[in-house]
There are 2 protein chains.
Amino acid sequence: MRKRATAKEVGEAAGVSKWTVIRAFKPGASITDEAKRKIMEAAEKLNYSPNLLARSLSTNVTHQVAVLVDDFANPQKLPFLESLTERLQAEGLVAMLININNHFDHVHALLNADQRLVDAIILLGTAFRDETLNDRRLGPGMPPMFVLARDSQIEGVPAVVCDAEVGLRDIVDHLHERGYRRPGFMTGASALSTALKRRHHFAEFWRQKGVDHIVDISAERYSHQDGAESARRYLQKTHAGERVDVLMCENDILAIGAMETARSEFGLRVPDDIAVVGFDNYELGGTPAFGLTTYEQPCREMVDLVVEMVTGKREGETISLPGKLVVRSST
Amino acid sequence: MRKRATAKEVGEAAGVSKWTVIRAFKPGASITDEAKRKIMEAAEKLNYSPNLLARSLSTNVTHQVAVLVDDFANPQKLPFLESLTERLQAEGLVAMLININNHFDHVHALLNADQRLVDAIILLGTAFRDETLNDRRLGPGMPPMFVLARDSQIEGVPAVVCDAEVGLRDIVDHLHERGYRRPGFMTGASALSTALKRRHHFAEFWRQKGVDHIVDISAERYSHQDGAESARRYLQKTHAGERVDVLMCENDILAIGAMETARSEFGLRVPDDIAVVGFDNYELGGTPAFGLTTYEQPCREMVDLVVEMVTGKREGETISLPGKLVVRSST
DNA sequence: AGCGATTTTGCACCCGGGTGCAAAATGTTT
DNA sequence: AAACATTTTGCACCCGGGTGCAAAATCGCT
């Protein structure tokens with residue numbers, strides 16, 4: 001059983017009381033240089049560092065932030081996790097990564113985070129089901145929550161998102177200009193409001209250009225295989241002439257799956273027979289093999305904003321940031 | 001300021017002492033059904049749940065495990081993180097994700113984890129520098145550490161890895177059988193002992209087949225761009241006839257970068273002009289666009305084993321698991 | 001009913017630090 | 001040297017729960 005030195009022990013070694021030791025470790029506390037020196041010496045010898053658990057218990061601040069993730073199939077999560085942990089750590093915070101899945105739902109996760117007294121909860125690209133929202137245990141008293149990279153459906157919970165409206169207008173403008181007229185839209189988990197919102201804007205902008213019909217294709221989850229699978233179903237049941245001429249996918253990973261299937265299983269040329277558009281600008285989508293036209297989310301800025309909200313440097317208020325259309329060979 | 005109900009308050013509401021409340025929440029504790037019922041009722045009303053921080057302080061068990069990651073460019077981290085968090089959560093543990101980077105080194109991370117009294121530390125595919133090992137603060141008294149998906153260079157710190165020797169023998173056998181005779185090896189961060197070990201085995205098995213010369217190519221980091229960049233440098237300075245006929249890359253993401261560059265910038269056909277092999281079996285490497293031959297690590301089993309070690313269900317001892325050669329069109 | 005055995009409950013004190021206040025030590029002024 | 005101001009230090013008690021033991025309540029049996 002491992003044993004850490006305590007302030008009391010350091011105090012005995014340095015000939016002062018435990019309170020003086022605690023002061024030595026508190027920046028700006030009133031203490032003589034001499035006492036501090038002796039204490040630091042003793043602390044070094046005993047390998048002492050304050051027990052953060054005990055500190056948190058009395059200050060009610062843990063410097064821990066829960067990060068909820070439910071979709072590990074999307075490689076875009078990785079850059080988000082990277083910047084998020086980096087920025088949090090720069091602020092002296094640490095991320096508790098919580099995996100939402102069939103065995104561990106949002107309610108579990110939130111209650112658990114609350115029980116651990118995290119300072120805040122960040123929902124990274126994850127969305128609630130309605131029943132979750134109504135759980136009465138999740139009332140006030142919860143740690144402050146923030147949604148990153150997805151719309152918040154919860155009142156009082158701010159979100160930092162990439163503006164779907166602006167993004168889809170840019171995309172539709174681009175597609176229309178290139179002459180596409182028979183658009184399709186592939187959603188990942190169609191029950192989610194974000195998916196519906198993006199589809200709504202997509203349809204809306206096409207309507208403004210005189211195109212009323214959107215072909216809907218839906219994949220189970222946001223994964224490469226599901227994108228491939230749903231593209232396969234669609235292509236099997238349609239003939240060359242009647243197909244969409246451009247397929248907009250809710251994210252890059254679906255788009256890559258769809259593109260691959262179209263090319264390798266149906267011999268279609270991209271973009272000549274079918275154009276494909278993604279969303280996220282996943283690194284590999286940009287390689288010559290795919291050349292995927294996509295929309296880049298301003299990942300770093302989004303993360304910066306959430307972290308500012310978490311640390312209280314900025315008021316918690318939903319923010320939509322514009323992204324950037326990245327045109328490549330797939331359109 | 002949010003306020004959680006305490007055991008004392010629940011006790012007052014239920015007409016018992018705080019100790020009885022605590023017992024009501026401790027499985028197997030001695031308490032009457034009647035008392036438990038009243039307490040649970042009061043707890044529900046007050047939205048009470050035990051404060052895990054306070055509990056940890058006295059039990060010295062936090063149910064938190066630090067997971068150190070330093071390479072977010074490798075998409076393979078995502079499945080590892082997914083299974084790891086899932087398995088840890090199934091055991092009632094939670095992962096603290098710590099990003100090791102230029103601003104936050106291993107020593108920082110370990111001391112921080114220790115100060116938070118984590119139950120264990122998992123190094124996920126990350127390696128120490130020598131100076132880290134010698135830091136005297138990192139002596140005994142640290143939480144138990146485990147290395148996952150990379151060799152451990154630290155005495156007393158067990159690792160769970162995919163067997164590099166078996167893997168590389170399978171790969172070399174396969175390549176030799178296909179007739180390749182001029183092998184090259186691309187390392188990511190060549191300073192790391194794991195990289196050297198893989199390269200060593202690669203060279204060794206070729207030597208047994210009578211091939212003594214291995215071309216070395218090194219990338220800065222394990223990223224798609226660095227793979228592309230270093231392949232570009234190599235291909236620029238060599239002529240068609242003198243080049244390697246097969247390039248083994250330390251992981252899939254490097255391999256994809258190299259393959260893309262060879263094809264799109266140098267017009268080489270894979271595998272005819274140059275064959276490419278990766279390591280990890282990253283999902284997208286398997287798509288028709290790349291068809292990357294690779295070696296699959298038994299990710300789930302590896303995670304299962306580390307988690308068993310963390311929970312003490314298995315003795316902490318370095319384990320090498322065999323993986324599986326996945327042959328596709330790139331060789 | 002009475003006595004011992006057993007279960008349930010309350011309590012003192014612990015985990016390791018943080019807080020506000022008062023006592024002690026040091027410094028300044030006349 | 002006395003009086004006052006200021007800095008430094010120690011202390012009682014707090015954060016919320018856990019532990020072992022003893023008191024209290026309940027049970028079983030004659």
Side-chain angles (χ1 to χ4, degrees), chain A residues 1-40 42-43 46-64 112 114-119 141 143, chain B residues 1-40 42-43 46-64 112 114-119 141 143:
Chain A
M1 170 90 176
R2 69 188 211 269
K3 165 76 184 140
R4 295 170 46 85
T6 70
K8 188 158 164 248
E9 289 162 6
V10 174
E12 280 158 12
V16 296
S17 69
K18 71 164 193 172
W19 294 279
T20 311
V21 174
I22 288 167
R23 282 189 190 96
F25 280 86
K26 180 174 169 178
S30 145
I31 191 174
T32 27
D33 293 348
E34 172 61 10
K36 188 158 182 176
R37 195 189 52 70
K38 276 194 308 191
I39 290 171
M40 287 313 185
L46 296 174
N47 221 332
Y48 168 83
S49 64
N51 181 327
L52 261 29
L53 229 53
R55 178 178 288 176
S56 296
L57 181 59
S58 57
T59 57
N60 222 12
V61 174
T62 53
H63 299 287
Q64 290 197 269
N112 195 267
D114 178 43
Q115 255 193 300
R116 298 196 126 97
L117 302 206
V118 297
D119 295 346
Chain B
M1 168 92 172
R2 68 188 211 269
K3 166 75 184 144
R4 295 169 46 85
T6 69
K8 189 159 164 246
E9 289 162 5
V10 174
E12 281 158 12
V16 294
S17 70
K18 71 164 193 172
W19 295 278
T20 311
V21 175
I22 289 167
R23 281 189 191 97
F25 281 86
K26 180 175 171 177
S30 143
I31 190 173
T32 21
D33 292 348
E34 172 62 8
K36 187 157 181 175
R37 196 190 50 72
K38 276 194 307 191
I39 289 171
M40 287 312 185
L46 296 174
N47 219 333
Y48 168 82
S49 65
N51 181 328
L52 261 29
L53 229 54
R55 177 178 289 177
S56 296
L57 182 57
S58 57
T59 57
N60 222 13
V61 174
T62 53
H63 299 286
Q64 289 198 277
N112 195 268
D114 178 43
Q115 255 193 301
R116 298 195 127 96
L117 302 207
V118 297
D119 294 346

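Letters A, B, ... mirror the listed sequences (proteins, then strands); counts begin at 1.
The interatomic distance linking A/Lys8 (NZ) with C/dC14 (C1') rounds to 11 Å, in whole Å. In this structure, B/Glu34 atom CD and D/dC27 atom P are separated by 12 Å, rounded to whole Å. Atoms CD1 (B/Ile31) and C1' (C/dT7) sit 12 Å apart, rounded to a whole Å. Separating the CZ atom of A/Arg116 from the P atom of D/dG17 is a distance of 15 Å, rounded to the nearest angstrom. Distance CG (A/Asn60) to C1' (D/dC14): 12 Å, rounded to an integer number of Å. B/Leu117 places its CG atom 11 Å from the C1' atom of C/dC15, with the value rounded to the nearest Å. Look at NZ on B/Lys36: it is 16 Å from C1' on C/dT9, rounded to the nearest Å. Atom C1' of nucleotide D/dG17 and atom CG of B/Leu53 are separated by 11 Å, given to the nearest angstrom.
Contact between the side-chain N/O atoms of A/Ser58 and the OP1/OP2 oxygens of C/dG18 is not found at any separation under 4.0 Å. Phosphate contact (OP1/OP2 of D/dT9, side-chain N/O of A/Ser17, threshold under 4.0 Å): absent.
Here D/dG16 is the nucleotide among C/dT19, C/dG17, D/dG16 with the atom lying nearest to any side-chain atom of B/Ala54.
Among the protein residues, A/Thr6 comes within range of the sugar-phosphate backbone only, with heavy atoms under 4.0 Å from sugar or phosphate atoms but none that close to a base. Residue-level contact check: A/Thr32 touches the backbone only, with heavy atoms under 4.0 Å from sugar-phosphate atoms and none from bases. If you check every strand for non-hydrogen atoms under 4.0 Å, B/Leu57 touches a base.
Between the side chains of B/Arg55 and B/Asn51, not a single donor N or O lies within less than 3.5 Å of an accepting N or O.
At least one side-chain heavy atom of A/Val16 sits under 4.5 Å from a side-chain heavy atom of A/Ile39. In this structure the side chain of A/Gln64 reaches within 4.5 angstrom of the side chain of B/Arg116, judged on heavy atoms. Side-chain contact check for B/Arg37 versus B/Glu34: some heavy-atom pair is nearer than 4.5 Å.
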Practice task
Decide side chain to side chain contact (heavy atoms under 4.5 Å, CB included) for A/Phe25 and A/Lys36; before the verdict, give the C-alpha distance in whole Å, the side-chain angles of both, and the deciding distance to 0.1 Å.
Solution key: CA-CA 9 Å; A/Phe25 280 86; A/Lys36 188 158 182 176; over 6 Å; no
Exercise for the section: Would you sort out whether B/Arg4 and A/Gln115 count as a side chain to side chain contact (heavy atoms under 4.5 Å, CB included), showing the intermediate values? Expected result: CA-CA 9 Å; B/Arg4 295 169 46 85; A/Gln115 255 193 300; 4.0 Å; yes
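Closest of all the heavy-atom pairs between A/Val10 and A/Ala43 is CG1-N, 4.0 Å.
The stretch residues 18-25 of chain A touches DNA chain C through A/Lys18, A/Trp19, A/Ile22, A/Arg23, each having a heavy atom within less than 4.0 Å of the strand.
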